[in-house]
Engineer: 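The following block contains the structure, expressed as structure tokens.
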There are 2 protein chains.
Amino acid sequence: MASSIHDLARHLNISIGTVSRALNGRADVNADTRQRVLDAAAKLNYSPNQSGRSLRRGTTHSIAFMLQPHPGDQQYGEPFFIPFLTGLQAKLAESGLDLIVVMGAPGDYQQERLRRVVETRRADAVVLAYTRREDERIDYLTRVGFPFATLGRSRSGGKTYPSLDLDFEKAGADAVDRLVARGHRRIAAIRPSLNLNFGYLFLAGYRKALRRHGIEVDPELIAKGFINEAGGDAVTPQVMRSKDPPTAIIFNNDAMALGGCKALAEMGIKPGHDIAVIVIVDTPLCRYFSPALTGFRPRLEPMGRRLAEMLLASIPAFAGPEGARIIREVWPLELIARDSD
Amino acid sequence: MASSIHDLARHLNISIGTVSRALNGRADVNADTRQRVLDAAAKLNYSPNQSGRSLRRGTTHSIAFMLQPHPGDQQYGEPFFIPFLTGLQAKLAESGLDLIVVMGAPGDYQQERLRRVVETRRADAVVLAYTRREDERIDYLTRVGFPFATLGRSRSGGKTYPSLDLDFEKAGADAVDRLVARGHRRIAAIRPSLNLNFGYLFLAGYRKALRRHGIEVDPELIAKGFINEAGGDAVTPQVMRSKDPPTAIIFNNDAMALGGCKALAEMGIKPGHDIAVIVIVDTPLCRYFSPALTGFRPRLEPMGRRLAEMLLASIPAFAGPEGARIIREVWPLELIARDSD
DNA sequence: TGTGTTCTCGTAAACGTTTACGGAAAAACG
DNA sequence: CGTTTTTCCGTAAACGTTTACGAGAACACA
């Protein structure tokens with residue numbers, strides 16, 4: 001069906017070795033024959049079989065991103081990742097690398113699927129997201145010595161891999177500062193599991209800022225829920241029923257915020273009017289919600305590009321002349337002030 | 001690094017041929033040795049190198065979905081696809097197939113990337129979305145005889161491939177019916193390029209329903225824009241400035257609707273109050289918008305599962321005993337009534 | 001003319017699998 | 001015990017590449 005290098009060689013009456021060398025730009029081939037090979041390849045539109053090439057080279061020329069939908073979030077989706085993937089793809093393509101997204105089932109922790117990708121050598125490196133504070137995926141990859149990079153930090157694995165994260169700690173603190181400046185003293189925080197590192201960082205920033213302002217951290221105002229709409233819905237009433245209810249709530253996540261606002265509305269409390277609401281990670285949903293939610297916007301597409309650069313720089317086979325370097329960066333989150341606070 | 005079948009054979013003192021046969025469940029291997037092989041494989045956690053296997057078998061055991069972000073839509077994302085991919089993945093996994101998502105750059109028509117996937121044999125079949133009325137991707141795939149399925153119909157390629165589509169024609173008609181029942185006679189339609197087949201179908205349904213109600217189709221009330229927020233924003237004022245302005249607008253797409261509502265607001269027209277608005281494809285954004293937009297909801301996750309079934313049934317190598325069948329289905333869109341009409 | 005160098009290409013091995021084939025041993029059967 | 005069948009396994013080729021090696025031809029140089 002597809003033409004192989006043998007077809008090409010037969011067609012040109014030269015050996016497959018020469019054809020291969022010509023196509024791969026090696027020096028020891030006559031300029032004339034190289035041109036003939038290139039022409040013939042274009043004419044028969046030959047492209048090398050990826051399996052054959054990978055097998056021989058030991059490299060797949062592709063990078064895998066592990067995407068795992070949140071459970072119980074069917075109609076919602078992950079608008080977060082598309083711009084990020086767009087940037088990642090664009091930068092990888094500049095180096096001739098393909099990006100493949102490996103879909104997981106909602107809720108599994110990717111461990112099995114990751115092992116499959118690694119052990120069957122489907123990609124030369126992987127990119128992980130949703131890093132956990134202790135992340136077995138990172139432990140595994142460092143243990144077997146497979147190249148990877150992460151969107152998000154973790155305590156696992158040491159400083160042996162590139163990572164790019166958002167400054168959730170500062171965003172948490174900024175949110176508190178902003179609310180305190182507007183006269184709030186009772187500020188609640190709705191967060192996901194602290195295993196998720198961004199939840200941990202957010203809460204750390206929140207706490208630190210409260211103390212800085214001389215406000216005691218009240219455990220009753222901190223609630224943990226699933227990182228989806230149902231989670232925000234379920235947990236928000238809990239903090240509202242505390243003895244001294246909050247006048248402001250910071251949500252760690254847009255989906256939780258939307259669920260939380262729904263719960264508030266059912267309790268007759270109007271966000272932006274009766275209570276201030278801030279969301280840490282802004283998504284388009286925040287903009288269109290009513291009231292439009294104040295939040296912190298990440299620059300996802302540039303982050304994708306940057307993480308691709310960092311990943312490539314960390315792999316000797318892909319790195320430029322200066323050799324492999326491990327880069328770790330934390331990017332700021334930009335406050336987008338809207339109507340909810 | 002990763003253990004090969006040779007390591008396994010050496011460790012067990014048997015030939016690689018026997019190891020392979022044992023692992024692949026062939027009959028001509030002793031039950032005892034099979035067990036020993038299986039145990040050793042688990043112990044050394046061996047898994048077959050995908051490149052080697054693909055090369056020999058001529059099959060990759062993976063299906064590619066071509067995902068292409070819309071241009072100028074960076075912060076928006078494609079919430080549409082995640083649930084669909086989740087369903088697709090789930091069903092493919094049941095047959096031991098991997099789903100890989102091939103990212104394209106925004107705006108290119110995938111033709112080049114599709115050729116790469118096909119010619120380098122990265123997947124055994126591909127799934128396309130955003131089918132066009134005349135779709136060169138479909139022409140190409142049928143021409144080279146590469147298995148595929150589409151989310152969406154097309155005039156290209158005949159009835160030779162499985163396809164699953166939504167009934168945009170009926171949704172367009174239903175929207176008109178609903179608006180007419182509420183007394184509207186001047187109903188505008190904002191649509192993308194008619195190359196996009198769902199735009200074509202929608203408009204056909206819209207026209208047919210208007211005629212059925214004895215309402216003349218007014219070209220001034222039909223406008224075409226880019227299928228994103230900017231498109232809706234740019235084109236909506238156009239229909240509002242017609243001599244006899246509409247009292248209702250049907251948007252083909254949620255992003256266009258949001259842009260359109262923004263434009264309406266700037267003209268001092270309140271959707272849901274001064275004008276009725278209906279969106280054909282409902283997404284979470286419609287639910288959270290204010291006013292909440294009436295729209296038609298697709299069942300994306302089941303659609304993903306179904307299309308996976310249909311694709312597998314169409315490929316002899318994967319099909320069950322009854323052999324390959326081409327299935328084409330059109331699924332209904334369910335009206336979700338909200339506040340905008 | 002003899003020797004060394006450079007240019008160009010063919011040969012063949014290797015990557016890790018799967019599988020057709022054949023053969024030795026065991027089992028079945030007379 | 002001889003013959004046939006069955007069971008099980010090893011051998012080797014094949015999938016499509018890349019690349020180390022070597023060899024022939026052309027060329028330069030003394």
Side-chain angles (χ1 to χ4, degrees), chain A residues 1-38 40-41 44-62 96 116-124 317, chain B residues 1-38 40-41 44-62 96 116-124 317:
Chain A
M1 162 70 266
S3 58
S4 82
I5 202 172
H6 289 95
D7 303 332
L8 216 53
R10 203 173 322 120
H11 181 257
L12 290 167
N13 255 335
I14 56 182
S15 79
I16 60 166
T18 304
V19 173
S20 176
R21 280 191 302 267
L23 292 173
N24 291 334
R26 305 202 91 80
D28 57 345
V29 45
N30 186 287
D32 235 39
T33 44
R34 159 164 298 133
Q35 197 52 56
R36 282 175 49 225
V37 169
L38 258 35
L44 304 190
N45 67 46
Y46 164 80
S47 48
N49 178 296
Q50 187 58 38
S51 302
R53 166 174 279 187
S54 298
L55 184 56
R56 169 62 217 221
R57 282 195 177 158
T59 191
T60 63
H61 256 231
S62 59
R116 267 183 72 105
V117 170
V118 169
E119 287 173 5
T120 62
R121 284 285 179 279
R122 265 191 186 276
D124 297 339
Chain B
M1 162 73 266
S3 57
S4 83
I5 203 173
H6 289 95
D7 304 331
L8 215 53
R10 202 172 323 119
H11 181 258
L12 290 166
N13 257 333
I14 56 180
S15 78
I16 59 166
T18 305
V19 174
S20 176
R21 281 192 300 266
L23 293 173
N24 292 334
R26 305 201 91 79
D28 57 347
V29 45
N30 186 287
D32 234 38
T33 45
R34 159 165 297 134
Q35 197 51 57
R36 282 175 51 225
V37 169
L38 258 34
L44 305 190
N45 64 48
Y46 164 81
S47 48
N49 178 296
Q50 188 57 39
S51 302
R53 167 174 280 186
S54 298
L55 182 57
R56 169 62 217 222
R57 282 196 179 157
T59 192
T60 64
H61 256 233
S62 58
R116 267 183 70 104
V117 171
V118 169
E119 286 174 4
T120 62
R121 284 285 181 280
R122 265 191 185 277
D124 297 339

Engineer: Round to the nearest Å and state the distance from A/R26 atom CZ to C/dG10 atom P.
Structural biologist: 16 Å
Engineer: Mind checking whether B/Y46 and B/V19 have side chains closer than 4.5 Å, heavy atoms only?
Structural biologist: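 No. Closest side-chain heavy atoms not under 4.5 Å.
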Engineer: Within this structure, what is the CZ-CG distance for the pair A/R56 and A/N49, rounded to the nearest 0.5 Å?
Structural biologist: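 Taking CZ in A/R56 and CG in A/N49, the distance rounds to 15.0 Å.
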Engineer: Rounded to the nearest 0.5 Å, how far does CZ of B/R21 lie from CD1 of B/I16?
Structural biologist: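 Here the interatomic distance stands at 10.0 Å.
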Engineer: If you define the side chain from C-beta out and look only at heavy atoms, does anything of A/I5 sit under 4.5 Å from A/S20?
Structural biologist: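 Counting from C-beta outward, A/I5 and A/S20 do come under 4.5 Å.
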Engineer: Distances for protein N/O vs nucleotides 22-27 of chain C N/O pairs under 3.5 angstrom?
Structural biologist:
none

Engineer: Would you classify A/S20 as touching base, sugar-phosphate or nothing, given that sugar-phosphate means primed atoms plus P, OP1 and OP2, and contacts are heavy atoms under 4.0 Å?
Structural biologist: base
Engineer: Determine whether B/T18 and B/L12 satisfy the following criterion, side-chain contact (heavy atoms from CB on, under 4.5 Å), listing intermediate values before the conclusion.
Structural biologist: CA-CA 10 Å; B/T18 305; B/L12 290 166; over 6 Å; no
Engineer: Decide yes or no for A/R36 and A/N30: does some side-chain heavy atom of the first lie under 4.5 Å from some side-chain heavy atom of the second?
Structural biologist: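 With C-beta onward as the side chain, the pair stays apart.
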Engineer: Have a look at A/S54 and say if it touches a base, only the backbone sugar-phosphate, or nothing, with a 4.0 Å heavy-atom cut-off.
Structural biologist: nothing
Engineer: Are any non-hydrogen side-chain atoms of A/H11 and A/L8 less than 4.5 angstrom apart?
Structural biologist: no
Engineer: Roughly, in whole Å, what's the span from CD1 in A/I16 to C1' in C/dC9?
Structural biologist: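 It works out to 13 Å between those atoms.
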Engineer: Under a criterion of less than 4.0 angstrom to any heavy atom of chain B, what are the 5'-terminal and 3'-terminal contacting nucleotides of DNA chain D?
Structural biologist: D/dC8 to D/dG16
Engineer: What nucleic acid atoms does A/G17 come within less than 4.0 Å of, heavy atoms only: base, sugar-phosphate, or nothing?
Structural biologist: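 Base: the residue A/G17, judged by heavy atoms under 4.0 Å, touches a nucleobase.
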Engineer: Between B/R21 and B/L55, just flag the one whose closest nucleotide in DNA chain D comes earlier from the 5' side.
Structural biologist: B/R21
Engineer: If you assign each of A/N24 and B/N30 to its closest nucleotide in DNA chain D, which residue comes earlier from the 5' end?
Structural biologist: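 Its nearest nucleotide lies further toward 5', so the answer is B/N30.
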Engineer: Quick check: do B/S62 and A/R122 have side-chain heavy atoms less than 4.5 Å from each other?
Structural biologist: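 Counting from C-beta outward, B/S62 and A/R122 do come under 4.5 Å.
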